[in-house]
Protein chains: 2
Amino acid sequence: MAQSRRRIPEASVIRLPVYLRILIEQFEQQVDNISSERLAELAGVNAAKVRKDLSYLGSYGTRGVGYEAEYLIYQIRRELGLTHDWPVVIVGAGNLGQALAGYGGFSERGFHVAGIVDVDDNKIGSVIAGIRIRALDELAKIVSGHEVVIGVVATPADAAQDAADRLIAAGITSILNFAPAVLSVPASVVVRKVDLATELQVLSYYEQRRLTALHSVPTGSTRGASA
Amino acid sequence: MAQSRRRIPEASVIRLPVYLRILIEQFEQQVDNISSERLAELAGVNAAKVRKDLSYLGSYGTRGVGYEAEYLIYQIRRELGLTHDWPVVIVGAGNLGQALAGYGGFSERGFHVAGIVDVDDNKIGSVIAGIRIRALDELAKIVSGHEVVIGVVATPADAAQDAADRLIAAGITSILNFAPAVLSVPASVVVRKVDLATELQVLSYYEQRRLTALHSVPTGSTRGASA
DNA sequence: CGGCGCTCGTGCACGCTTTCACAAAAGCAG
DNA sequence: CTGCTTTTGTGAAAGCGTGCACGAGCGCCG
Ligand SMILES: NC(=O)c1ccc[n+]([C@@H]2O[C@H](COP(=O)([O-])OP(=O)(O)OC[C@H]3O[C@@H](n4cnc5c(N)ncnc54)[C@H](O)[C@@H]3O)[C@@H](O)[C@H]2O)c1
Ligand SMILES: NC(=O)c1ccc[n+]([C@@H]2O[C@H](COP(=O)([O-])OP(=O)(O)OC[C@H]3O[C@@H](n4cnc5c(N)ncnc54)[C@H](O)[C@@H]3O)[C@@H](O)[C@H]2O)c1
């Protein structure tokens, strides 16, 4: 039996939120029990993978029956640290920063915006979805005041490193970076990036391949059903 | 010597856009030649990985010297299919769809918005960054008229499958999905997803771990410098 | 024109991820 | 209680991706 306190492989961690979302949806539709087979189908992955992923949390299934949705939701939440809300601070209140600040899905999934800061005097003071845009030098106050550990970089690329440096100086230990720039940070800080251009360029690669028509279909995890 | 016509591993394809962006930046700063060591540093990865990735394109470096930035830019662009602009159609003109439509980074990187459609009558007809929001049933016309092959899903999750189905019916073969939903599509259609909630939840996992403090630092590709 | 220093290209070994396959466990029916 | 069905949990194998280490090739200098 897998211990709940063992490290979970990154590849599995990335799939857990997908299972979680599906389980919540199913539970809301009065599905109390779900098999790895069914969960795999809904998540667009292999059933063995689902079982192995879930086994990292512990042994929470019932043989011959499946997994109890409600209990599994609780266990995944616990493991992902979603038993409480995480405050998040956003740096850069442009197009994207404002879209994020107003995004309802945030709060539904265990996060809320503790603050949003910008360098532009014309923006400071405006209110987006009930959140006031504040000056860059209030960052430290926001972070320590709300015990924020997660920061979002939504500045232009050339300001991204500066934004990251300020976040780290303020005490942030996890960063989600939307700017197309490589951030250099201390090893203790975790960075994840979301890069729209990269995603489109990957699609472009496969379309390009399709045109030269030497292969039928690209291999990889993104075929067929995809989360 | 690696043939340019061989399939490139997905992991490498994902890094090519990062190298490309860095090379363009360097070239604009009059750097004509760059070593794998330097490129690796800027990309936050291992130098051997850079060389292996680039070797899939062909043998375009010069031993003892490095890579000629301009030529490498051309080769990566060619391989990624970025020698021409790709038209993209967006379904869903909400917060996110509008931010995307107005996003300048799009055009800088080889893509342009051929059209944006929505189901909401109140939105149809409005103009975002010079692009008029059109009705859902104009999708087929937009796609065939501009020979669009890439579609973006920016609708709420419960409309995402419908949006994907319509895109596919219209002739789209690649989809970038921003909705937190698993799309089921024919095997010939490539789907990539961008899931904000997943990213935050992964960060939450590592923060959670940090609190229980049984391990020092999460392992994985996202430590240290990260694109 | 030969030797030297530098950097590429890549074979190879290692570790991580995925998938298969099956014993073990649970429920149910008779 | 026994046997049958179902589905989990997990070893073991296969498949990928990463990083080391080093031979090969290129340019430069003397
Ligand atoms: N808009 C999109 O759809 C989109 C999509 C993908 C990626 N991105 C990326 O996200 C980032 C933001 O995009 P955007 O469209 O919101 O840009 P934007 O120009 O609309 O907004 C950037 C904001 O950051 C602020 N800013 C600049 N320097 C700053 C600093 N040092 N500290 C704090 N704030 C600072 C600016 O005042 C501005 O308000 C960019 O890097 C962009 O490439 C945007
Ligand atoms: N806003 C964000 O920052 C953000 C971040 C990450 C992910 N997302 C996801 O992106 C998606 C869009 O987010 P949003 O904030 O723009 O939502 P939104 O509600 O602002 O916009 C959704 C738009 O889709 C339209 N729509 C609904 N059904 C449709 C259909 N069948 N066909 C075409 N259009 C349809 C609606 O009319 C609306 O204009 C959501 O799935 C959301 O979870 C949003």
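What you see is a predicted model; the values in this text were computed from it and never measured. Reminder, nothing fancy here: chain letters follow the sequence lines and each chain counts from 1.
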From [atom1] of [X] over to [atom2] of [N], roughly how many Å is that when rounded to an integer?
{"X": "B:Asn33", "N": "C:dC8", "atom1": "CG", "atom2": "C1'", "value": "12 Å"}
{"X": "A:Asp53", "N": "C:dC16", "atom1": "CG", "atom2": "P", "value": "16 Å"}
{"X": "B:Arg51", "N": "D:dA24", "atom1": "CZ", "atom2": "P", "value": "16 Å"}
{"X": "A:Leu39", "N": "D:dT7", "atom1": "CG", "atom2": "P", "value": "14 Å"}
{"X": "B:Arg7", "N": "D:dG15", "atom1": "CZ", "atom2": "P", "value": "14 Å"}
{"X": "A:Leu54", "N": "C:dT19", "atom1": "CG", "atom2": "C1'", "value": "16 Å"}
{"X": "B:Glu10", "N": "D:dT18", "atom1": "CD", "atom2": "P", "value": "11 Å"}
{"X": "A:Lys49", "N": "D:dG11", "atom1": "NZ", "atom2": "P", "value": "20 Å"}

Whether B:Arg210 side chain and A:Ser188 backbone form a donor-acceptor pair below 3.5 Å: yes

Between B:Asp85 and B:Arg109, is there a salt bridge with N-O shorter than 4.0 Å? no

Considering only [options], which nucleotide approaches the side chain of [X] most closely?
{"X": "B:Ser36", "options": "C:dT19, C:dC8, D:dT8", "value": "C:dC8"}
{"X": "B:Pro9", "options": "D:dT18, D:dT8, D:dG17", "value": "D:dG17"}
{"X": "B:Ser35", "options": "C:dT18, C:dT7, C:dT10", "value": "C:dT7"}

Kindly state which residues belonging to residues 62-74 of chain A come within less than 4.0 angstrom of DNA chain C, counting heavy atoms of the residue only, listed by number.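 Residues of residues 62-74 of chain A under 4.0 Å from DNA chain C: A:Thr62, A:Arg63, A:Val65.
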
Under 4.0 angstrom, heavy atoms only, what part of the nucleic acid is A:Arg15 near: base, sugar-phosphate, or nothing?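 The residue A:Arg15 makes sugar-phosphate contact but no base contact.
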
By the 4.0 Å heavy-atom rule, please label A:Ala11 as base, sugar-phosphate, or nothing.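 Contact class for A:Ala11: sugar-phosphate only.
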
Indicate, yes or no, whether a donor-acceptor pair under 3.5 Å links the base of D:dG19 to the side chain of B:Lys52. yes

Would you say A:Asn46 places a side-chain N or O within less than 4.0 Å of OP1 or OP2 belonging to C:dT17? no

Any side-chain donor near an acceptor of the partner, A:Thr173 and B:Glu207, under 3.5 Å: yes

Side-chain H-bond candidate by donor/acceptor type, B:Glu10 with A:Tyr206, under 3.5 Å: yes

Evaluate the ring planes of B:Phe106 and B:Phe111, with Trp represented by its six-membered ring, and classify them as parallel (under 30°), tilted (30 to 60°) or perpendicular (over 60°).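 Plane angle between 30° and 60°, so tilted.
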
Where at least one partner belongs to residues 97-107 of chain A, residue pairs that pass side-chain hydrogen bond (donor to acceptor under 3.5 Å, both in side chains), sequence neighbours excluded: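 Qualifying pairs: none.
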
Derivation and outcome, side-chain contact (heavy atoms from CB on, under 4.5 Å), residues B:Leu176 and B:Ile150: CA-CA 8 Å; B:Leu176 182 55; B:Ile150 299 175; 5.5 Å; no

